[in-house]
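To keep things clear, I will list the structure first and then write my remarks on it.
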2 protein chains.
Amino acid sequence: MGTTATAAVPEPKYWQLRTVLVRTIDEEFHTGEVLPNERDLAARFGVARATLRQALDQLELEGRLVRRRGIGTLIAAPRMGIPVAEASSRDTWRIVDCGIGAAPAAVAAALGITGDEPAEVHTVRRVRMMAGQAVGTETLFVPAAVMPHVPGFLAESSRARAVLKQFQALPIEGESRAVELGVAEEEQARLLERPPGIPVLVLTTRYAGDAGKTLAVAISTYRADTCKLTFGDAGVEVRAAS
Amino acid sequence: MGTTATAAVPEPKYWQLRTVLVRTIDEEFHTGEVLPNERDLAARFGVARATLRQALDQLELEGRLVRRRGIGTLIAAPRMGIPVAEASSRDTWRIVDCGIGAAPAAVAAALGITGDEPAEVHTVRRVRMMAGQAVGTETLFVPAAVMPHVPGFLAESSRARAVLKQFQALPIEGESRAVELGVAEEEQARLLERPPGIPVLVLTTRYAGDAGKTLAVAISTYRADTCKLTFGDAGVEVRAAS
DNA sequence: AAGTGGTCTAGACCACGTT
DNA sequence: ACGTGGTCTAGACCACTTG
């Protein structure tokens, strides 16, 4: 007997370090201030730089820190509340491109397209801007069968506007959404002006017509470090949990 | 001239590795299968183990892999769709504890409590179970001023049920929510039966009465690796983006 | 040129689960 | 006892930004 005791496994160093840093940050730093550099911090806490970085990684994931190569580690501003509008009114989007072609398998499934031959869908990609910076990307998929009357001779940007306009005129009865965690691949990362691999909130929206028929699907990605998705009224201003 | 060229900075090894692994996983493995161990994989790809682990970290964040100490690295099951119910019907929750006391500052602010003296709130914590496993935690805050008639002599579990019952009877006109990324601290991690630091989706819900008055606030955390939060109807079955 | 964070290495030891 | 993933180290070099 004896080894059955709770063993008192100490928490990993990087987690202890994170706890200390959270307190320090909250008490002694303000948004925009610069932390000491990683080598100094590691020395101060008596750990290897890699271990310190593990703690900083956590804090960055939580949106408390921003690290800029060549500059330093800064205290991050509170996350922006991004309204996930039911009926989006005036929004700041920048159209990237627009095309028509076969839907990716996953999207075709969501659209309820079961046919063997790949279904044609209009695809519009755009970037959501907020406070002058790119915070999210969106790819909208509308089956050509739902919206067949987009002139093909238009320039890409005109066609994008035409597709969006017709989309907004669709008899949409309701939306259902899902939010999950992902990482930005090359395409999204480029649009968000960030390196690949940054964490993103992936928002999938299904637009339903009558009888629950899916009229369109949109897949959006938002920078998880700087964004907080809000549903319903204004965002709730809570930061720390429980 | 010449150095202005795009420089062709190669992508980091861990990102290339991730890309290769994604393809390999999608094409040659099924849910529940075990990957070769990290040392072998690192050797096979000719990289240090730490670099390989960086790639695996990404895939775990995306919910594609699950790593179990002492066991190995497994292909993860698709994420569970967790309905964020407007009017939750029959749900599988396990009550953890219940108390009354001063609201944390952040919660007090969300509740619109501006007084100098700390406002008393009822606090109920519970764990959401799904398929037999803990997937999320919730802490509900209801001001005592909104719901003053909970008998104080009851046992904790009875008081929790009493608070929840009265909460459900409140004249709630609407909910507004926010979703952001966080990491589980000790408390939540313990309830989720995971180590501290795992990524979680933090869901903040504000329950409003008439005139927009905030009647209650709930802060929930869901395991980001295994959960996908769904709003509205059933979850949309889409996995990959764009 | 100097300082910052980002990547990568090679190796060690620990905690956990199975045999 | 053995094999797995988890943590930690000490050091190197690269990419980016600023004086």
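Lettering follows sequence order; numbering is per chain, from 1. Not measured: the values here are computed from a predicted model.
- Between the CD atom of A/E33 and the C1' atom of C/dT4 there is a distance of 18 Å, rounded to whole Å.
- Residues that satisfy the side-chain contact (heavy atoms from CB on, under 4.5 Å) test with A/E33, not counting sequence neighbours, are A/F29, A/H30, A/I75.
- In this entry the distance linking CG of A/D40 with C1' of C/dG5 reads 13 Å, nearest Å.
- Salt-bridge annotation for B/R128 and B/E138: absent, with no side-chain N of the basic residue lying under 4.0 Å from a carboxylate O of the acidic one.
- Every residue two or more places apart in sequence or in another chain that forms a side-chain contact (heavy atoms from CB on, under 4.5 Å) with B/T226 is listed here: B/M80, B/R223.
- With the nearest nucleotide of DNA chain D identified for both A/I71 and A/Y14, A/Y14 has the one nearer the 5' end.
- Residue A/T73 has no polar side-chain atom (N or O) positioned under 4.0 Å from OP1 or OP2 of C/dT4.
- Using a 4.0 Å heavy-atom cutoff across all strands shown, B/R49 reaches at least one base atom of the nucleic acid.
- Protein chain B contacts DNA chain D over a range whose 5' and 3' limits, counting nucleotides with an atom under 4.0 angstrom from a non-hydrogen atom, are D/dG3 to D/dT7.
- Salt bridge status for A/E11 with A/R18: absent, with no side-chain N to carboxylate O gap under 4.0 Å.
- Across B/G72 and B/V34, no two heavy atoms sit closer than the pair CA-CG1, 4.5 Å.
- With rounding to whole Å, A/R69 atom CZ is found 17 Å from C/dA2 atom C1'.
- Scanning both residues, B/W15 and A/E185, for their nearest heavy atoms gives CZ2-CA, 3.9 Å.
- Between A/R68 and A/A50, the residue anchored closer to the 5' end of DNA chain C is A/R68, taking for each the nucleotide with the nearest heavy atom.
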